[in-house]
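Here the structure is a predicted model, which is why all the values come from computation and not from measurement. First listed ligand is number 1; within each ligand, the first listed atom is number 1.
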Amino acid sequence: MLFEWAKQDSGYGKIMMRVEDFEEYRQINLALAGLIHKMDESSQMKKILNHVCSSGGKKIRPLILMLSTEVCGGDMNKSIDAALAIELIHSASLIHDDLLDGGILRRGMPSAHEKYGVAAALLCGDFLISKAITLISSYGHDAVYEFGSAGMYMAEGETIDIKSVNEEFRQKNYFDCINKKTASLFASSAAIGAYIAGCSKDEALRFHAFGENVGIAYQIVDDLLEFLEELEDKKSTQESVTLPQIFNRALGREEAVKRTIAEVYRYVGFAKDLLSTFRPCPAREKLLLITDYITVDLLPGKI
Ligand code: FPP
Ligand code: MG
């Protein structure tokens with residue numbers, strides 16, 4: 001992962017950053033490594049967790065949480081457990097997603113169930129969700145409620161995703177699906193980060209909306225790259241119906257790609273507008289960079 005960032009920010013001069021150089025990135029990786037390290041060496045669960053959690057991953061959701069805390073004037077160190085909880089539930093969702101859509105390759109490695117079998121993968125997902133609950137439990141009602149809601153939305157989104165192969169699946173269904181299965185966790189990550197800093201309800205809602213729009217844009221890009229067969233580090237045996245496919249049916253490939261990219265920019269625009277309502281600070285700049293990093297920077301021609 002060597003994406004150089006050189007962007008003009010709004011008040012902090014020219015900044016050169018890579019996500020791997022963020023202090024928040026270092027902290028979340030340390031926390032994750034610490035969690036695995038503490039487990040009994042001989043346990044089978046440790047082996048599967050190592051496989052799942054040490055396979056890279058950009059840690060975008062926990063970063064969004066920690067940076068939202070900072071933008072709201074809070075201490076990033078107080079949000080690490082919550083950020084870890086978010087990363088763990090995300091990892092669980094990928095294990096379960098691979099079980100559901102026949103994922104065989106994830107982050108360039110065999111999926112958990114390919115390597116360890118369905119039962120072990122399922123149980124690893126259960127373990128991760130449970131551990132995540134213990135980590136989030138000390139953060140108070142608003143954060144815990146957000147966390148639980150995200151999990152419910154993700155599962156509901158997956159039910160829509162699964163049905164997408166069998167039904168007449170239109171744009172409206174697609175957006176409902178990705179909003180729930182993907183954007184909900186981005187949205188809750190941002191809102192939880194804000195709640196941890198003790199921000200107002202209005203600020204938390206704006207952070208929630210920011211995360212939601214980034215999450216939607218991110219999933220559209222992911223679906224576009226899959227449509228263009230440009231994703232080499234993951235592979236599934238079952239395909240869902242996605243936005244570029246919906247456009248392709250009606251308009252042909254070239255126009256489908258154009259329209260899909262236009263949607264990405266639209267949601268990135270919403271996200272950036274929301275971000276601009278917060279006080280300018282280095283953490284806000286990092287959120288701005290992350291927004292591009294996981295969306296427009298990955299578009300064809302920019303890779
Ligand atoms: C990836 O979709 C999958 C998700 C974004 C969400 C999966 C959610 C669940 C299985 C529900 C789990 C619920 C809890 C509480 C853990 P994709 O198949 O389009 O992306 P991919 O190409 O990365 O596989
Ligand atoms: Mg999948």
Side-chain angles (χ1 to χ4, degrees), residues 49 52-53 55-62 64 84-114 118 121-136 144-165 169 173-189 192 211-212 214-246 260 294-295 298:
L49 276 182
V52 171
C53 299
S55 57
K58 297 182 284 297
K59 313 290 187 304
I60 295 302
R61 297 156 189 82
I64 287 178
L84 187 54
I86 289 289
E87 184 60 18
L88 297 189
I89 202 163
H90 170 58
S91 298
S93 79
L94 295 183
I95 295 175
H96 288 179
D97 177 68
D98 285 335
L99 283 166
L100 292 167
D101 65 16
I104 46 179
L105 197 66
R106 168 77 59 192
R107 295 172 180 159
M109 309 226 280
S111 61
H113 69 90
E114 271 286 304
V118 170
L122 198 61
L123 290 166
C124 183
D126 292 343
F127 180 93
L128 286 166
I129 296 167
S130 307
K131 181 68 195 175
I133 293 170
T134 68
L135 287 164
I136 200 73
V144 176
Y145 192 88
E146 268 301 329
F147 189 79
S149 302
M152 286 158 66
Y153 278 128
M154 286 155 77
E156 204 186 332
E158 278 288 287
T159 63
I160 303 171
D161 190 295
I162 290 164
K163 278 176 75 185
S164 79
V165 280
F169 198 71
N173 311 106
Y174 171 79
F175 279 104
D176 185 28
C177 173
I178 68 166
N179 207 331
K180 288 176 173 148
K181 80 168 184 176
T182 306
S184 61
L185 192 59
F186 281 81
S188 292
S189 300
I192 291 171
E212 186 172 312
V214 179
I216 291 173
Y218 165 81
Q219 186 63 50
I220 300 173
V221 172
D222 197 61
D223 291 336
L224 177 63
L225 295 178
E226 189 159 345
F227 175 74
L228 296 171
E229 296 176 353
E230 288 191 19
L231 288 176
E232 282 163 11
D233 66 336
K234 55 184 174 182
K235 201 186 206 162
S236 298
T237 53
Q238 282 160 46
E239 268 195 25
S240 331
V241 177
T242 62
L243 189 65
Q245 291 173 353
I246 294 168
T260 305
I294 61 164
T295 59
L298 299 177

Verify side-chain contact (heavy atoms from CB on, under 4.5 Å) between R106 and D233, making sure each step is shown before the conclusion. CA-CA 6 Å; R106 168 77 59 192; D233 66 336; over 6 Å; no
Between L49 and L128, does the side-chain contact (heavy atoms from CB on, under 4.5 Å) criterion hold? Intermediate values first, please. CA-CA 9 Å; L49 276 182; L128 286 166; 3.3 Å; yes
side-chain contact (heavy atoms from CB on, under 4.5 Å) between I294 and F186, intermediate numbers included: CA-CA 12 Å; I294 61 164; F186 281 81; 3.7 Å; yes
Give the intermediate values and the outcome of side-chain contact (heavy atoms from CB on, under 4.5 Å) for residues N179 and I216. CA-CA 6 Å; N179 207 331; I216 291 173; 4.1 Å; yes
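The name of the N, O or S atom in D97 nearest to the Mg ion (ligand 2) is OD2. Of all N/O/S atoms in D101, OD2 sits nearest the Mg ion (ligand 2).
In the vicinity of I129, heavy-atom distances shorter than 4.0 Å reach the ligand 1 atoms 16 (C). Numbered from 1 in the order shown, with element, the atoms of ligand 1 that lie under 4.0 Å from a heavy atom of A155 read 11 (C). Heavy-atom proximity to G151, at under 4.0 Å, picks out these atoms of ligand 1: 15 (C). Counting atoms of ligand 1 from 1 in the listed order, those under 4.0 Å from a heavy atom of H96 are 10 (C). Atoms of ligand 1 lying under 4.0 Å from any heavy atom of T182, numbered from 1 in the order shown and given with element: 5 (C).
Side-chain N or O atoms of H113 include one that pairs as donor or acceptor with a backbone N or O of G103 at under 3.5 Å. Remark: side-chain polar atoms of S188 are not paired, donor with acceptor, to backbone N or O of L185 under 3.5 angstrom. Side chain of S164 to backbone of V241: a donor-acceptor contact under 3.5 angstrom is found.
Ligand 1 has no atom lying under 4.0 Å from any heavy atom of G103. By the 4.0 Å heavy-atom criterion, R106 is counted among the residues contacting ligand 1.
Residue contacts with ligand 1 for Q219 involve side-chain atoms from C-beta outward but no N, CA, C or O (heavy atoms, distance under 4.0 Å). At a 4.0 Å heavy-atom cut-off, ligand 1 does not touch L94 at all. Only the side chain of D101 comes within contact range of ligand 1, with a heavy atom under 4.0 Å; no backbone atom does.
The shortest heavy-atom contact between V52 and R107 is O-NH1, 3.6 Å.
Ring geometry for F169 against Y174 counts as perpendicular: the plane angle is over 60°, on a 0 to 90° scale with 30° as the lower cut.
Summary of contacts: the protein heavy atom closest to atom 9 (C) of ligand 1 is E158 CG, 3.1 Å. In terms of protein heavy-atom proximity, atom 4 (C) of ligand 1 is closest to K181 O, 3.9 Å.
Taking E239 as the reference, Q245 meet the side-chain hydrogen bond (donor to acceptor under 3.5 Å, both in side chains) condition, with sequence neighbours excluded.
Between D97 and ligand 1, an N or O atom pair is found at a separation short of 3.5 Å.
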